[in-house]
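Accompanying notes for the structure given below.
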Protein chains: 2
Amino acid sequence: MKIEKEFQFHGDRQAGRLLAGLAGAGRSDTRARRAVVQALCVAPDRSTPAELLERGRAIHPHLAPVTVYRTLDLLQSLGLVERLHHPDGCSSFMPAPAAHGHHVTCERCRRTVEFSGCAIGSLARSARAQTGFTVHSHWLELTGLCPDCRRAGAARGRAS
Amino acid sequence: MKIEKEFQFHGDRQAGRLLAGLAGAGRSDTRARRAVVQALCVAPDRSTPAELLERGRAIHPHLAPVTVYRTLDLLQSLGLVERLHHPDGCSSFMPAPAAHGHHVTCERCRRTVEFSGCAIGSLARSARAQTGFTVHSHWLELTGLCPDCRRAGAARGRAS
DNA sequence: GTGATTGCAAATCGTTTGCATTCAG
DNA sequence: CTGAATGCAAACGATTTGCAATCAC
């Protein structure tokens, strides 16, 4: 399988896109930011700030946690990354997808993938009908099992 | 309007339901728990732990924050209250609705109401088709404007 | 009485802020 | 050069934990 390689290419392309976005917004092209962006884009799915710090330090050893947060905030404000909220209050991040979609997270391996399509319309309509609220935005996360974990772990419980 | 009164009645009924649930699970019926449960049920919508502490202390002045959290955890583990996660990592709580439904939160006044019905099925199906993930659970929050705020603030921009 | 429950105080942990230093353009 | 960006250290704030005192049954 060349999947890793594919991801690598994909990640590089994505990193380029994010860096271009930063440049387009008139922001400096610094080592720290490159490190964070690359750390973010080498992962096929989402990353926590701590993971980004660790991976980023492989590229730029001086990298500080605070810079990871600031860079992520900046990228998010530019719409270049998407923040995923965890129930425990922490966040993780992934490069923003091109089209509006949603995530599925594997409850065993924590892998998160994007899928396209958004059928929230009917839900919004019924919300409107029942409550009088007009819906402006929504946030949805699905949880389940990815194919690998389903195959591998049907018998076992989920890993913590 | 007697809506307040209605809520009062509704809240009392709901408080009774929660207390009954605790008793049914073999848990002690303590002052602290009663205070938290009542504080939770007098609100027509969700409450933060801090709000519950304040309201609860009106009933049981000794109430400590830690007890609010522990009681909420317990109620949640019994399926009697539902936890709502905020993007900033905090939580708020509301008595669990009878049927599976979702929430709409007003982006201006923060009021949250339930509505029934769950059209996630089609979304789960398309997730499965596109990603291979099987969906076991989901979490959805809708954001928009409640009728009052829409009426009051139609001319103004939305509050941040 | 006895184990569950409570509350105080201190700890935790992800995240943010103050401020002096360093870097990119 | 000069403002933007960084990093260290300290602050923050919601939530959790250790442990002794208290309460419900």
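Both backbone and side-chain heavy atoms feed into the values below; hydrogens, waters and symmetry mates do not. Chain naming here is simple, since letters A, B, ... match the order of the sequence lines and numbering starts at 1 in each.
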Taking for B/S28 and for B/D73 the nucleotide of DNA chain D with the nearest heavy atom, the one nearer the 5' end belongs to B/D73

Does A/R27 contact C/dG25 through a side-chain donor or acceptor facing the base, at a distance under 3.5 Å?
no

- Message: Any non-hydrogen side-chain atom of A/H62 less than 4.5 Å from a side-chain atom of A/R31?
- Response: no

Atom CZ of A/R31 and atom P of D/dG7 are separated, to the nearest Å, by 11 Å

Scanning both residues in full, the closest heavy-atom pair of B/A39 with B/R55 reads O-NH1, 2.5 Å

D/dA4 phosphate, OP1 or OP2: any side-chain N/O from A/T30 under 4.0 angstrom? no

Next item on the list: Please step through side chain to side chain contact (heavy atoms under 4.5 Å, CB included) for the pair B/L19 and B/R34, ending with a clear verdict.
Entry: CA-CA 7 Å; B/L19 292 171; B/R34 275 185 182 270; 3.6 Å; yes

Notebook entry, point to check: Quick one: is C/dT16 close enough that its OP1 or OP2 comes under 4.0 Å of any side-chain N or O from A/Y69?
Noted result: no

Practice task
Select base, sugar-phosphate, or nothing to describe what A/R33 touches, counting heavy atoms under 4.0 Å on all strands.
Solution key: sugar-phosphate

Here the distance between atom C1' of C/dC23 and atom CZ of A/R34, to the nearest Å, is 14 Å

Among D/dT15, C/dG14, C/dA24, the one nearest any side-chain atom of B/S91 is D/dT15

Nearest heavy-atom approach of B/F115 to A/L123 is CE1-O, 3.9 Å

Per the under-4.0 Å heavy-atom filter, residues of residues 48-62 of chain A near DNA chain C come out as A/P49

Here the distance between atom C1' of C/dT6 and atom CG of B/L74, to the nearest Å, is 13 Å

A/V68 and A/L52 have their tightest heavy-atom pair at CG1-CB, 4.0 Å

Would you sort out whether A/L18 and A/C41 count as a side chain to side chain contact (heavy atoms under 4.5 Å, CB included), showing the intermediate values?
CA-CA 9 Å; A/L18 299 205; A/C41 294; 4.1 Å; yes

The nucleotide from D/dA5, C/dG7, D/dC25 with an atom nearest the side chain of B/D29 is D/dC25

The salt bridge (Lys or Arg N to Asp or Glu O under 4.0 Å) partners of A/R70 (sequence neighbours excluded) come to none

Testing D/dG7, D/dA5, C/dT6 for proximity to the side chain of A/R70, the answer is D/dG7

